[in-house]
Amino acid sequence: MTRLRILLNGTVQGVGFRPFVYRIARTLGLKGYVTNDTGGVVIEVEGAKDKLDDFLLKLHTEKPLLAKIYYEETAYVEPAGYDDFRIEESISTGPPQALILPDISTCGDCTGELLDPDDRRYLYPFINCTNCGPRFTIIKGLPYDRPNTTMKDFHMCPACENEYKDPNNRRFHAQPNACPECGPNVRLVGNDGAPVTGEMDAITSLMEKITSGAIVAVKGIGGFHLICDATSNESVRLLRERKRRTEKPFAVMFRDMEQLKRYAMPDVMEESLLLSPARPIVIVRKKQGTLPEVSPRLEKIGAFLPYSPLHLIILAGLENPVVATSGNISDEPIVRDNAEALDRLSQLAAFIMIHNRPIHRRCDDSVVKVVGEFPQVIRRSRGHVPLPVVLPFRLDKKVLAVGAHEKNTVAIGFDNRIILSQHIGDMQTPESIEYFEEVIDGLSSIYEFTPDVIVHDLHPRYSTTRWAIQQDRAEIIGVQHHYAHILSCMAENGIYDEVTGISWDGTGYGEDGTLWGGEFLACNTGGFQRRYHFRQIRLLGGEKAVREPRRIALSVLFDIFNEGALEMDIPTLRAFDRKELSLLWLAYNRSINTPVCSSAGRLFDALSSILGILQICSYEAQAAMLVEDLYDPAVRDSYGYELNNGIIDWEPLFRDLLEDSETNKAPSRFLNTLALIALNVALLEGREKVCLSGGVFQNSPLTSLISGKLRAEGFKVFTHKNIPANDGGISLGQALYGGMNP
Ligand code: ZN
Ligand code: ZN
Ligand code: FE
């Protein structure tokens with residue numbers, strides 16, 4: 001007879017872990033208890049040694065689907081003489097260590113009950129169990145118990161209470177457990193706040209509004225969505241007008257896989273991503289001619305399936321798929337509260353569906369794209385956050401990383417883990433700064449975290465940098481943007497020695513005060529060296545050039561042909577009038593407002609303008625997305641380039657392009673050239689491990705071309721999978737650096 005004490009840390013709260021422990025202990029005839037505490041799950045079992053061994057084995061092999069154990073401590077101690085096995089009240093000891101689960105889409109069992117007319121939760125929009133439902137968005141503190149969630153004020157009815165207390169029930173200790181008797185409910189209001197009354201219930205009248213072409217706002221799991229009929233060009237155009245979003249694609253929610261396949265063509269990997277518990281938006285190929293207003297000019301579409309009971313009910317009752325886009329005014333964070341929705345969304349939506357389960361933390365939908373042969377999370381939010389990146393060592397310091405500027409996330413690092421926040425977005429409005437602070441406060445309070453060091457980008461004008469340097473509570477350090485990209489890729493892949501980092505993106509502030517973005521870096525976790533970069537391009541008109549591929553192309557043409565460029569008869573020149581051209585030549589010639597940048601992203605812009613694909617962007621990286629669609633793997637040849645003293649010269653590339661009469665093959669030849677450059681520089685550099693990071697590596701053909709070529713030469717190539725290659729992954733790299741380097 002002996003007693004075993006076990007401490008577990010991981011995703012072990014809110015996944016049905018304690019009832020699972022209870023069941024195996026009972027089956028084995030063991031006595032003791034299981035409880036949640038701030039450090040994770042604590043178990044004590046006593047009995048015969050062989051039974052205890054069985055118990056340990058079952059703990060790992062039979063644990064609930066969503067439970068992951070990252071840390072385990074066991075100790076054999078003197079028996080205490082327990083008389084049965086119990087689930088004890090949660091206790092709070094020491095700093096919170098337990099991992100919080102992300103929000104999980106409605107499980108199969110709950111979906112079945114939801115659509116069963118005989119079930120007591122038939123069409124009840126807040127059905128959930130220990131295998132599914134909200135977590136991250138409703139948790140106010142640890143341990144994860146009902147009083148620490150936004151369900152605190154809902155008192156369970158006897159039927160729910162029985163389920164909650166029954167260890168054999170799927171809802172045993174399901175913290176958000178609720179039913180129509182005792183739980184939250186929805187209401188439909190007009191954009192003046194007045195309730196919509198009538199014969200129909202709220203959800204049915206909401207469906208009717210959508211069918212008749214209205215734009216509505218619906219409160220979901222991590223915030224509000226704006227929703228309209230995706231097949232109604234008129235409604236989608238109206239939504240574009242109101243959101244001031246001219247061409248940027250909208251995500252579309254489909255009732256089920258069958259309906260999705262009427263509009264799009266997911267492959268096997270994309271299909272499994274669409275059905276995964278995180279239920280992200282997945283970028284898939286759409287069928288030609290379908291949903292033209294949803295993703296203009298693109299061959300792809302962001303598709304997803306209903307992930308909450310409310311979405312399931314709404315979609316089940318509608319004929320058509322719906323556009324479901326974050327409920328916000330452009331550039332502002334997603335709207336969370338009922339009052340906020342009435343204030344901010346009433347200009348955008350005619351009707352608003354609200355409910356009375358508060359959202360404690362906002363969380364946008366995640367976006368995943370298959371890049372090369374792997375899925376890559378390009379917006380990491382709902383369903384992923386706050387799962388940590390687990391390190392094989394402990395960080396020296398507690399670190400807060402504030403990210404960069406676009407698609408921002410922040411991260412905190414302590415012990416052996418780095419936790420990235422949900423997607424915050426672009427940091428250009430006062431509202432986004434507020435959200436940024438809210439996210440930092442939220443992460444800090446739940447883990448009782450105070451940083452020893454705060455890490456920021458080097459860009460002096462980023463609002464995140466300005467925020468960081470104003471803090472007086474910690475050591476403050478800056479990490480170069482493209483180095484942070486590579487560190488992020490290293491941390492994700494568990495690489496901590498020398499690598500060649502290929503860091504290609506739109507823009508980032510360099511150590512020399514110029515803009516970088518087409519970098520080959522020699523890196524380790526202690527620092528980096530800039531080894532090769534693209535020849536610099538002058539940004540005609542500064543910031544404005546970033547939104548106008550025609551300005552980038554013109555600058556390239558001025559560099560190659562001087563004033564002679566003005567006589568060329570190509571789409572770039574035709575995109576300006578005479579007066580603009582002479583002003584731009586003057587500015588170029590006298591270097592007025594023409595900062596330089598070495599960005600790889602800008603090469604996509606120049607190409608798109610010269611080929612007449614795109615002259616002015618309506619959203620970030622539009623040129624790169626259009627070029628990706630035009631890639632043809634059958635085209636194998638490429639253009640020229642030159643390497644001189646660490647500079648990769650694009651002049652031969654653009655000269656060849658201008659002489660290429662097969663313009664339909666030009667995008668492929670361009671991508672092939674970039675892949676050759678990557679390979680040849682990696683060969684010159686010689687390090688065996690190569691990390692690819694930066695937004696350019698969301699480009700699927702380019703990423704797979706480069707990885708393929710490098711692997712064929714014996715390199716070990718590391719790309720992003722769970723962490724965005726774009727600036728949404730920067731905070732991870734910053735946190736790694738700050739946590740490791742005293
Ligand atoms: Zn469920
Ligand atoms: Zn109830
Ligand atoms: Fe970047």
Side-chain angles (χ1 to χ4, degrees), residues 388-404 409-420 451-460 462 464-465 468-469 474-505 508-514 516-533 598 646 681-682 684-694 697 715-720 723 725 727 729-742:
V389 174
V390 179
L391 309 169
F393 51 84
R394 290 175 71 90
L395 294 169
D396 298 319
K397 292 188 174 177
K398 290 200 279 179
V399 56
L400 165 66
V402 299
T409 65
V410 299
I412 60 170
F414 56 92
D415 293 341
N416 66 336
R417 70 187 71 166
I418 297 174
I419 298 168
L420 272 77
D452 304 319
V453 52
I454 298 176
V455 190
H456 60 82
D457 195 90
L458 292 185
H459 203 306
Y462 281 176
T464 53
T465 306
I469 57 181
E475 184 191 343
I476 314 290
I477 53 175
V479 174
Q480 201 280 325
H481 187 97
H482 301 95
Y483 176 46
H485 270 305
I486 299 301
L487 285 169
S488 162
C489 185
M490 291 168 72
E492 182 181 358
N493 289 287
I495 309 298
Y496 300 99
D497 51 353
E498 289 280 321
V499 303
T500 292
I502 308 185
S503 198
W504 288 359
D505 65 0
Y509 199 81
E511 286 188 316
D512 59 0
T514 70
W516 295 7
E519 314 304 312
F520 287 84
L521 310 175
C523 301
N524 59 31
T525 52
F528 77 100
Q529 254 192 314
R530 190 187 195 198
R531 303 278 305 165
Y532 288 83
H533 62 84
S598 61
V681 175
L684 287 170
E685 288 291 282
R687 280 165 229 97
E688 190 196 14
K689 291 173 184 164
V690 182
C691 287
L692 311 181
S693 192
F697 291 107
F715 288 100
K716 290 194 175 127
V717 185
F718 301 93
T719 57
H720 285 286
I723 302 296
D727 288 3
I730 286 276
S731 61
L732 172 61
Q734 292 176 338
L736 181 71
Y737 186 84
M740 283 184 78
N741 291 282

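Residues take their numbers from the sequence shown, with the count starting at 1.
- Looking only at distances, a side-chain donor or acceptor of Asn741 sits under 3.5 Å from a matching main-chain atom of Thr525.
- In terms of heavy-atom proximity, Cys489 sits nearest to Leu692 at SG-O, 3.7 Å.
- Minimum interatomic distance between Ser731 and Ala401 (heavy atoms only, all atoms of both residues): O-CB, 3.2 Å.
- At least one side-chain heavy atom of His456 sits under 4.5 Å from a side-chain heavy atom of Val402.
- Checking Leu400, Ile412, Ile476 one by one against Pro451, the side-chain contact (heavy atoms from CB on, under 4.5 Å) holds for a single residue, Leu400.
- Remark: Glu511 engages no residue in a salt bridge (Lys or Arg N to Asp or Glu O under 4.0 Å) (not counting sequence neighbours).
- Here the straight-line distance linking atom CZ of Phe520 with atom CG of Leu684 works out to 9.5 Å at 0.5 Å rounding.
- No side-chain heavy atom of Leu487 sits less than 4.5 Å from a side-chain heavy atom of Phe528.
- Evaluation of the salt bridge (Lys or Arg N to Asp or Glu O under 4.0 Å) test over residues 522-531, restricted to residues two or more places apart or in two chains, returns Asp512-Arg530, Glu519-Arg530, Arg531-Glu685.
- One distance of note links CG of Asp457 with CD1 of Ile730; it measures 6.5 Å at 0.5 Å rounding.
- A donor-acceptor distance shorter than 3.5 angstrom exists from the side chain of Asn493 to the backbone of Thr719, with no hydrogens or angles considered.
- In this structure, Ser488 and His720 approach most closely via the heavy-atom pair OG-CE1, 3.3 Å.
- Scanning both residues, Ile454 and Ala474, for their nearest heavy atoms gives CG1-CB, 3.9 Å.
- Listed for the Thr464 side chain is a donor-acceptor partner under 3.5 Å among the backbone atoms of Ala404.
- Taking every heavy atom of both residues into account, Asp497 and Lys689 meet most closely at OD2-NZ, 2.9 Å.
- At least one side-chain heavy atom of Asp727 sits less than 4.5 Å from a side-chain heavy atom of His485.
- A donor-acceptor contact shorter than 3.5 Å is absent between the side chain of Tyr483 and the backbone of Cys523.
- Atoms CG and CD, on Asp452 and Glu475 in that order, are 8.5 Å from each other to the nearest 0.5 Å.
- For the pair Leu395 and Ile418, the minimum side-chain heavy-atom distance is below 4.5 Å.
- Under the 3.5 Å distance criterion, the side-chain polar atoms of Asp415 are left unmatched by any main-chain donor or acceptor of Arg417.
- Counting only distance, with no hydrogens or angles, the side chain of Thr465 and the backbone of His459 share a donor-acceptor pair below 3.5 Å.
- In this structure, His482 and Asp505 have side chains that are in contact, with non-hydrogen atoms separated by less than 4.5 Å.
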List the steps and the verdict of side chain to side chain contact (heavy atoms under 4.5 Å, CB included) for Phe715 and Thr500. CA-CA 10 Å; Phe715 288 100; Thr500 292; over 6 Å; no
Let me see the working for Gln734 and Val399 under side chain to side chain contact (heavy atoms under 4.5 Å, CB included), right down to the final yes or no. CA-CA 9 Å; Gln734 292 176 338; Val399 56; over 6 Å; no
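- Leu521 approaches Ser503 most closely through the heavy-atom pair CD1-CB, 4.4 Å.
- Inter-residue side-chain proximity for Tyr496 and Leu736 is flagged as met; some heavy-atom pair is nearer than 4.5 Å.
- The closest donor-acceptor contact from the side chain of Asn416 to the backbone of Val390 lies at 3.5 Å or more, if one exists at all.
- Put simply, the side chain of Phe718 does not reach to within 4.5 Å of the side chain of Glu492, judged on heavy atoms.
- The closest side-chain heavy-atom distance from Tyr509 to His481 is not below 4.5 Å.
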